[in-house]
Asker: 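This is the structure I want to talk about, given as structure tokens.
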Amino acid sequence: MLKKRIIPCLDVDNGRVVKGVNFVDLVDAGDPVEQAKIYNAEGADELCFLDITASSDNRKTLLDVVQKTAENCFIPLTVGGGVRTLEDIAKLLHSGADKVSINTAAVQNRDLVREASNKYGASTIVVAVDAKKVKEQQWQVFTHGGRNATDIDVLDYCKEVEELGAGEILLTSMDRDGTKSGFDNDLLKVITSNLTIPVIASGGVGNLEHMYEGVAIGGASALLAASIFHFGEYRIEDVKRYLADNDIPVRI
Amino acid sequence: MKLVIINYGSGNLHSVNKSFEAANQNLQEPYDIQITNDPEVVKNADKIVLPGVGAFADCKKSIFDITGMYESIEESVISKKIPFMGICVGMQLLAETAEEYGNHKGFGWIPGSVVKIAETKDYKIPHMGWNEVDFLDNPLFSGLSQKTNFYFVHSYYFQATNPQDIVATTNYPNEITAAVNRENIFGTQFHPEKSHDSGQVIITNFLKWNYK
């Protein structure tokens, strides 16, 4: 049976992890490569780097991090943040990323999704969607790290990028992000039940039950989390054991 | 001894190279691993790896766009019988035909066709993630337990005509070919280069494989 994936996400700024794990045995807690190695060893199903570096001059630093991670971690690595062109995607893939996530650029230029999917394969292209609730059962797409509103409906947009060749959707609830009050399972359910491609749930997870709900209620194929892992509240194996005990298929 | 990974622009080339390099380091007699788009280099290889992500027709076209590349691969694999490993689309290309965005011809080395995974309620397509694999007794699976999880990403699969060519399967929800092996030709639908320690076992087995 296909397993639900647990994906730790690292925010990287100028080649350094912004919110790090406080593992005692870690020489350098700010080194994304070291953190990735730990998650890899602990049974993460995939890894995700989100580059939040403001200046594009520092892209080389990210590529270096991706390369070193790819040399040490043999699980799928998704990299996103500031991806605007086919060349950006090519550089990340050449450094060893397996999937590239596109957010704002996909909203501004849908052709990028189609061209990238044609060129590198649908399985390589993740479209990241930042969603904010506007009324009951309706959500709006935001861009630029959640700063700019659009008038685009999240469900319409997800269907459109699926059609254009996105391999999966990384769906972040802006309302829940950072709240630790659980995923927006209404949002997840609407999107997962209307799409054929897998959806990764993101934003709001604070405990193990939230993880379970993202799959059992939201219908997510994969669960992305940052802070609950980084601050050492839960280890990846805690999440997997809890899900397994509740009859959710996971890789242990 | 030289192992070549064929570079025809496949997106996961670098992932494949890094995982082979890592497994290679643990061998007593490591291979000289080379990424190449040169048919002459392929002709002189002792082992060949063909990666592949994306659409079947695009991958095939990219290989045939390199003058002499297919001929070199064929000479090495079919005439000289050197060990060959295809990964994902690199394995699907071994089929006779594929029905993905039209009908296409494959290399035709292993009888069968590449067909779409049947759409079933509650089963997302692409089949993406870790799934259990059942395999036959085969040197390429040496050291692995049955039902080991491997990482898959695909919407089409290889329906091989001869059951004896299928050496591993998975279920989604119906049975899907996970690996094929005929003589010196081996191919996996899953990505050993992304399947953590279990994937490294298969890569090591391929590096050690003495097909006679």
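Just so we're on the same page: letters track the sequence lines, and every chain starts at 1.
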Asker: Please flag which part of His127(B) lies under 4.5 Å from any non-hydrogen atom of chain A: side chain, backbone, both or neither.
Answerer: side chain
Asker: Below 4.5 Å from any heavy atom of chain A, which atoms of Glu193(B) appear? Answer side chain, backbone, both or neither.
Answerer: backbone
Asker: For the atom pair NE2 (His14(B)) and CG (Leu93(A)), what is the distance rounded to the nearest 0.5 Å?
Answerer: 8.5 Å
Asker: Say whether, by atom type as modelled, one donor and one acceptor occur between the side chain of Lys3(A) and the main chain of Asn131(B) under 3.5 angstrom.
Answerer: no
Asker: Could you report the tightest heavy-atom contact between Gly96(A) and Ser15(B), atom names first, then the distance?
Answerer: O-OG, 3.6 Å
Asker: Looking only at heavy atoms, what is the nearest atom pair of Lys18(B) and Ser95(A), with distance?
Answerer: NZ-O, 3.1 Å
Asker: Can you list the steps and then say if Arg251(A) with Glu132(B) is a side-chain contact (heavy atoms from CB on, under 4.5 Å)?
Answerer: CA-CA 9 Å; Arg251(A) 178 179 70 107; Glu132(B) 288 151 22; over 6 Å; no
Asker: Quick one: CD1 on Ile203(B) to CZ on Phe74(A), what's the gap to the nearest 0.5 Å?
Answerer: 7.5 Å
Asker: Examine whether an atom of Gln200(B) lies under 4.5 Å from a heavy atom of chain A, and if so say whether it belongs to the side chain, the backbone or both; otherwise answer neither.
Answerer: side chain
Asker: Apply side-chain contact (heavy atoms from CB on, under 4.5 Å) to residues Glu46(A) and Lys194(B) and explain how you reach the verdict.
Answerer: CA-CA 9 Å; Glu46(A) 288 187 34; Lys194(B) 289 288 122 191; over 6 Å; no
Asker: Verify the neighbour count for atom CD of Gln146(B): are there more than 12 heavy atoms of other residues, nucleotides or ligands below 6.0 Å?
Answerer: yes
Asker: Output the distance between atom NZ (Lys119(A)) and atom CG (Asp58(B)), rounded to the nearest 0.5 Å.
Answerer: 11.0 Å
Asker: Between Val16(B), Asn171(B), Asp122(B), Ile125(B), which shows the greatest number of heavy-atom pairs under 4.5 Å with chain A?
Answerer: Ile125(B)
Asker: Surrounding CD of Glu163(A) (heavy atoms of other residues, nucleotides or ligands, distance under 6.0 Å), is the total greater than 12?
Answerer: no
Asker: Which atoms of Thr196(A) come close to chain B, meaning under 4.5 Å heavy atom to heavy atom: side chain ones, backbone ones, both, or neither?
Answerer: both
Asker: If I measure from the heavy atoms of chain A, does Ser19(B) come under 4.5 Å with its side chain, its backbone, both, or neither?
Answerer: both
Asker: Is it the case that more than 12 heavy atoms not belonging to Asp137(B) sit under 6.0 Å from its CG atom?
Answerer: no
Asker: Answer yes or no: does atom NZ of Lys116(B) have more than 12 heavy-atom neighbours from other residues, nucleotides or ligands under 6.0 Å?
Answerer: yes
Asker: Before you tell me yes or no, could you show the steps for Leu2(A) and Tyr172(B) under side-chain contact (heavy atoms from CB on, under 4.5 Å), namely the whole-Å CA-CA distance, both residues' side-chain angles and the distance that decides it to 0.1 Å?
Answerer: CA-CA 7 Å; Leu2(A) 186 67; Tyr172(B) 192 69; 3.6 Å; yes
Asker: Taking Thr192(A)'s backbone N and O only, do any of them form a donor-acceptor pair with Lys124(B)'s side chain (distance below 3.5 Å, no angle check)?
Answerer: yes
Asker: Side chain, backbone, both or neither: which part of Asn72(A) has an atom under 4.5 Å from a heavy atom of chain B?
Answerer: neither
Asker: Looking at Asp45(A), is its backbone amide N or carbonyl O close enough to the side chain of Trp130(B) to form a donor-acceptor pair, meaning the two atoms are under 3.5 Å apart?
Answerer: yes
Asker: Pick from Val153(B), Asn149(B), Thr170(B), Asp197(B): which one has the most heavy-atom pairs with chain A under 4.5 Å?
Answerer: Asn149(B)
Asker: Non-hydrogen atoms of chain B under 4.5 Å away: do they reach the side chain of Ser117(A), the backbone, both or neither?
Answerer: neither
Asker: To the nearest 0.5 Å, tell me how far Lys147(B) NZ sits from Met1(A) CE.
Answerer: 11.0 Å
